[in-house]
Q: 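Dumping the structure here so I can ask a few things about it.
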Amino acid sequence: MKTAKEGDILSITANTHQQDLERLKSLRYIDDDFMTVCLADNYEGVELILRIVLGREDIIIKSVRTQELLKNLQGRSAILDVHAIDSTKREFDVEIQRSDAGAGAKRARHNSSLLDAHILKSGDDTENIPDSYVIFITENDVMGKNQAVYHIQRYVETNEGNELFGDGSHIIYVNGKYRGNDKIGKLMHDFSCTNPDDMNYEALAKKARYFKQDEKGVAIMCKIMEDMRNEKAKEVRIDNALRMIKDGELPLEKIALYSGLSVDEVKELATPVMA
């Protein structure tokens, strides 16, 4: 016979699982965690997105990596939602951004510069650097000009007017609110669609269908959501432990007990604080 405590734990676990299943039904490509799962190794889907956004059919993807960390030893690093490379070595960073504040011009500049910095290897001629593209797909029209796609380029100002600088660096914003009767409008519909059967593009729908409807795919997504909860809980414990360490009133063993971290973890957090 299960004890009352064991029954409570099982009930909480079952409720959490049911909540995950309900949340899974509402996930869309515009939700970055779901998008990166659906586009991981999905060459066809990434090709589709880039071909529509850039309006060119010659893009053939050779590499796709999601949630990739680009380290900057001299400053702030960046995690790219989708990092893709095509057959001509052009590099693409596709970022999903629901919050307007996370899609600012300075962030676009940072991602672009960091992407370029990782393309060339030591000794390579800078003239051989391939084009790079930083693409923000935003839930709202962050530019506010009611356009489907915004292309940001560098220009040379002359007395005769502006001339394209042509350095091969491209920043693009895609308006997730756009619903025109064209390819980009249909793509943005799919990015906000919760039902794979209502999507226009099968390259996107089949992955969404797998993670929302297939037993194995659903299990993978539930595990991902559980990991995300655990990671968030760990971040809260670390934050609480740091506050107690900085307060300086409690011994490290008590901080470990109250925060739920190990003594070794607390000691590691305390080292730079107490230095």
Q: So with a 6.0 Å cut-off around CD of E268, is the heavy-atom count from everything else above 12?
A: no
Q: Within a radius of less than 6.0 Å around CD of E235, do more than 12 heavy atoms belonging to other residues, nucleotides or ligands occur?
A: yes
Q: Just checking D125: does its CG atom have more than 12 heavy atoms from other residues, nucleotides or ligands closer to it than 6.0 angstrom?
A: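 Above 12, so yes.
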Q: Taking all non-hydrogen atoms of both residues into account, name the closest pair between R237 and S259 and its distance.
A: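 Closest approach of R237 to S259: CD-O, 2.8 Å.
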Q: So, Y133 and D86: side-chain donor and acceptor under 3.5 Å apart, yes or no?
A: no
Q: Could you pull out all residues at least two apart from V218 that satisfy side-chain contact (heavy atoms from CB on, under 4.5 Å)?
A: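 If we apply the side-chain contact (heavy atoms from CB on, under 4.5 Å) test to V218, skipping adjacent residues, the hits are L21, L24, C222.
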Q: Suppose the criterion is side-chain hydrogen bond (donor to acceptor under 3.5 Å, both in side chains): which pairs have a residue in residues 171-185, not counting sequence neighbours?
A: Y178-D182, R179-S192
Q: Using every non-hydrogen atom in the two residues, find where I96 and I30 come nearest and quote the distance to one decimal.
A: CG2-O, 2.8 Å
Q: Tell me every residue that passes side-chain hydrogen bond (donor to acceptor under 3.5 Å, both in side chains) with S112, counting only those two or more places apart in sequence or in another chain.
A: S169
Q: Among L164, D167, I172, whose side-chain contact (heavy atoms from CB on, under 4.5 Å) with Q153 holds?
A: L164
Q: Name all residues meeting the ring-ring contact (aromatic ring centres under 6.0 Å, His included) criterion together with H83; count only those two or more places apart in sequence or in a different chain, and write none if there are none.
A: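 Expected list: none.
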Q: Between T36 and D81, do the side chains contain an N or O donor and an N or O acceptor separated by less than 3.5 Å?
A: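 No, no side-chain donor-acceptor pair sits under 3.5 Å.
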Q: Counting only heavy atoms from other residues, nucleotides and ligands, does the tally under 6.0 Å from CD of E157 exceed 12?
A: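 12 or below, so no.
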Q: For L114 and S77, which heavy atoms make the closest approach, and how far apart are they?
A: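 Taking L114 first and S77 second, the nearest heavy atoms are CD2-C, 4.0 Å.
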Q: Test of understanding: with ring-ring contact (aromatic ring centres under 6.0 Å, His included), list the residues that count as partners of F191, not counting sequence neighbours.
A: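 With neighbours one apart ignored, the set is Y29.
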Q: Is there a donor-acceptor contact under 3.5 Å from the side chain of E68 to the main chain of L80?
A: no
Q: Cut-off 3.5 Å, no hydrogens considered: what does the side-chain donor-acceptor table look like for residues 243-250, sequence neighbours left out?
A:
from, atom 1, to, atom 2, distance (Å)
R243, NH1, D239, OD2, 3.4
R243, NH2, D239, OD2, 3.3
R243, NH2, N240, OD1, 2.7

Q: Mark yes when over 12 heavy atoms from residues, nucleotides or ligands other than R229 sit less than 6.0 Å from its CZ; otherwise mark no.
A: yes
Q: I need the single residue from L27, T66, V82, L204 that forms a side-chain contact (heavy atoms from CB on, under 4.5 Å) with M35. Which is it?
A: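 By the side-chain contact (heavy atoms from CB on, under 4.5 Å) criterion, M35 pairs with just one of L27, T66, V82, L204: V82.
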